Protein chains: 2
Amino acid sequence: MIDRVRRFNRTVTQRIGALNDAFLSSDRSLGQARLLWEIGPQGCDVRLLRSRLDLNSGYLSRLLRSLKDDGLVVVEQSGTDGRVRTAHLTDHGLTERAMLDRRSDDAAASILAPLSVRQRTQLITAMIEVERLLVASTVLVTACNPRHPDARSCLRAYFSELSHRFDGGFDPTRSISADEEELTPPAGLLLVASLHSEPVGCGAVKFHDDARAEIKRMWVAPTVRGLGLGRRLLADLEVHAAANRIRTLRLETNRALDEAIGLYRAVGYHEVLAFNDEPYADYWFEKTLDRSTAPAPNLPDREH
Amino acid sequence: MIDRVRRFNRTVTQRIGALNDAFLSSDRSLGQARLLWEIGPQGCDVRLLRSRLDLNSGYLSRLLRSLKDDGLVVVEQSGTDGRVRTAHLTDHGLTERAMLDRRSDDAAASILAPLSVRQRTQLITAMIEVERLLVASTVLVTACNPRHPDARSCLRAYFSELSHRFDGGFDPTRSISADEEELTPPAGLLLVASLHSEPVGCGAVKFHDDARAEIKRMWVAPTVRGLGLGRRLLADLEVHAAANRIRTLRLETNRALDEAIGLYRAVGYHEVLAFNDEPYADYWFEKTLDRSTAPAPNLPDREH
DNA sequence: TCCATTCTCTGACTTTAGTCAGAGGAATGT
DNA sequence: ACATTCCTCTGACTAAAGTCAGAGAATGGA
């Protein structure tokens with residue numbers, strides 16, 4: 001399999017690398033072209049450009065100035081924060097960016113051109129599949145302090161989604177607690193999934209004194225659904241639970257959350273009688289962990 | 001569709017680009033690492049390295065010397081040609097190359113690691129498909145003088161294959177002619193398909209004075225079968241024929257060539273009575289070209 | 001209010017990647 | 001045998017890519 005990945009890598013970089021040379025075929029350097037592209041029609045904060053292109057601030061500043069000198073870009077103070085500067089494309093810059101865009105289109109078209117109609121369809125289908133799974137594999141799952149901004153943003157999104165999907169909304173204060181204290185080791189654990197450092201999902205476990213624990217806060221952002229992320233979060237939580245000598249995992253859920261219910265059943269949770277009085281719950285599930293099959297947890301730990 | 005190709009491009013270069021950084025993570029420069037890799041365990045002629053890495057001779061020479069100075073490589077006269085020099089890896093060089101290999105393996109594995117077993121299978125399947133079709137799209141079909149070395153090598157391979165597959169072998173002199181004269185415009189046309197400048201297939205058409213022409217010399221190298229190349233060559237020949245006011249295409253073939261027969265039928269050739277006395281033919285086919293659907297020929301012309 | 005931090009820019013660097021012209025030795029065709 | 005071509009190497013360049021330390025302005029928190 002690894003061999004296959006490497007072979008794919010070789011073929012694709014060869015063919016697609018040629019495609020990227022469209023960027024080089026202008027009289028700008030690659031760095032300038034990438035920057036021109038990344039600024040985009042709406043403009044972009046310099047700090048954002050720096051992180052997106054992963055460039056040293058001195059170097060970026062210099063690139064930006066060379067574009068400014070050529071009249072493609074203007075840089076001005078950002079409205080909200082006086083330290084931040086925002087780059088905008090001039091008309092001239094927009095024209096040149098449009099040319100890059102057209103060249104990239106042509107290059108992409110030249111990949112499809114030699115193929116038959118049927119082959120094109122097959123290629124696009126396979127490309128979509130590869131892309132989907134590469135994105136899935138890019139998602140990073142890390143243990144995260146619930147006070148971290150990424151964690152907070154996930155929990156906020158989670159609550160907001162519940163309040164939309166539940167009949168009659170959702171009020172966290174009426175629900176059984178899983179506060180920051182309870183989701184911080186050793187009391188519990190919160191995992192956050194991120195894609196390109198944007199938080200896109202979470203899941204938590206709340207340990208009890210006996211060998212039991214509860215799964216809480218399972219949420220996956222709409223943009224990354226269908227990538228198996230829920231299953232992955234759940235599996236990682238189980239690994240952590242097993243490492244903490246947990247034998248039984250329990251959870252409750254609402255009938256509106258049908259994908260979640262399907263997931264729980266699919267990975268071995270079975271319905272049990274209500275084990276608490278959570279007002280928003282319609283179903284209660286339980287799973288006994290099989291410690292023999294539990295692999296060692298190997299999650300990178302994000303700085304708290 | 002073009003949009004999809006570009007999106008694939010973006011995702012893949014991001015994810016696979018990171019994989020390629022395994023090469024950069026050594027303390028060698030990218031150029032040195034690529035060279036070290038390309039020399040390989042068996043060693044390699046310098047001229048071959050130059051063409052494979054597409055490097056300027058001065059630059060390559062310099063890179064090679066830096067590796068030599070570090071004791072990774074030795075360069076010596078090639079046995080057969082005193083002008084050519086051959087690079088070999090020393091033990092030290094082999095060790096360092098093995099490290100690059102291991103890093104690339106690790107990087108490839110890190111793409112599979114976050115995925116479930118099922119997702120891995122899906123990814124590999126889709127990767128194989130993308131790769132197959134990208135290779136198909138990389139094949140270049142060009143009109144070629146039959147005296148060109150590439151053309152000669154294809155025709156030689158074609159005859160050799162016929163002599164293996166036909167019962168009782170194949171003797172070109174007994175067969176109806178399609179010599180170099182007859183396959184050179186305006187008498188006829190030979191198309192050669194190449195992959196990374198290696199000839200991998202051919203197909204020819206021999207024009208007659210009436211609006212008829214014959215398809216000859218259809219051959220696809222075993223390494224690139226299943227990529228739709230035969231169909232593409234045939235379609236391109238038809239386009240050229242139509243551009244030369246040909247209305248009817250004819251061809252004869254041997255019963256041993258079952259893939260070819262299948263292809264001819266699939267693209268609209270129907271069997272007719274023997275129209276010549278080719279001793280090696282078992283079937284005769286004919287197709288009437290529909291000029292309305294013939295697109296303009298857009299083949300790049302290789303220098304003759 | 002003050003101090004630490006953030007953000008951008010500048011000058012002074014280095015390394016990498018690459019080009020170009022030409023030299024010198026070896027092979028090839030006539 | 002001789003001119004031509006091929007292959008490699010060298011010196012002298014250039015451009016791109018990037019690093020580093022620090023300056024100056026703005027912001028945020030104690």
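We use all heavy atoms of the structure for the numbers below, so side chains are in, but hydrogens, waters and symmetry mates are not. Labels below follow one simple rule: chain letters A, B, ... track the order of the sequence lines, proteins then strands, and each chain is numbered from 1. Everything quoted here is computed from the prediction, not taken from an experiment.
Between A/G58 and A/Q77, the residue whose closest nucleotide on DNA chain D is further toward the 5' end is A/G58. Residues B/L60 and A/N56 both approach DNA chain D. Their nearest nucleotides, taken by heavy-atom distance, put B/L60 toward the 5′ side.
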Side-chain polar contacts of residues 51-59 of chain A - donor-acceptor pairs under 3.5 angstrom, sequence neighbours left out - could you list them?
| residue | atom | partner | partner atom | Å |
| --- | --- | --- | --- | --- |
| A/S51 | OG | A/L48 | O | 3.1 |
| A/N56 | OD1 | A/G58 | N | 2.7 |
| A/N56 | OD1 | A/Y59 | N | 3.3 |

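With salt bridges taken as basic N to acidic carboxylate O contacts below 4.0 Å, one links B/D105 and A/R6.
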Would you tabulate the pairs of protein nitrogen or oxygen atoms and nucleotide nitrogen or oxygen atoms of nucleotides 5-7 of chain C closer than 3.5 angstrom?
| residue | atom | partner | partner atom | Å |
| --- | --- | --- | --- | --- |
| C/dT6 | O4' | A/R83 | NH1 | 3.1 |
| C/dT6 | O2 | A/R83 | NH1 | 3.4 |
| C/dC7 | OP1 | A/R47 | NE | 3.4 |
| C/dC7 | OP1 | A/R47 | NH1 | 3.4 |
| C/dC7 | OP1 | A/R47 | NH2 | 2.5 |

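With rounding to whole Å, A/D27 atom CG is found 14 Å from D/dA15 atom C1'. Rounded to a whole Å, the CG atom of A/L30 is 13 Å from the C1' atom of D/dA15. The CG-P distance, from B/D54 to C/dT19, rounds to 8 Å in whole Å. Separating the CZ atom of B/R65 from the C1' atom of D/dT10 is a distance of 7 Å, rounded to the nearest angstrom.
Legend: residues meeting side-chain hydrogen bond (donor to acceptor under 3.5 Å, both in side chains) with A/R83, ordered by chain and number and at least two apart, are A/D81.
Under 4.0 angstrom from either OP1 or OP2 of C/dG11 there lies no side-chain N or O belonging to A/R62.
We find the CG-CZ distance between B/L60 and B/R62 to be 10.5 Å, quoted to the nearest 0.5 Å.
Side-chain N or O atoms of B/S137 include none that pairs as donor or acceptor with a backbone N or O of A/P114 at under 3.5 Å.
With hydrogens and angles ignored, no donor-acceptor pair closer than 3.5 Å exists between the side chain of B/S57 and the base of D/dC7.
B/E76 and B/T86 form no side-chain donor-acceptor contact under 3.5 Å, judged by distance and modelled atom types alone.
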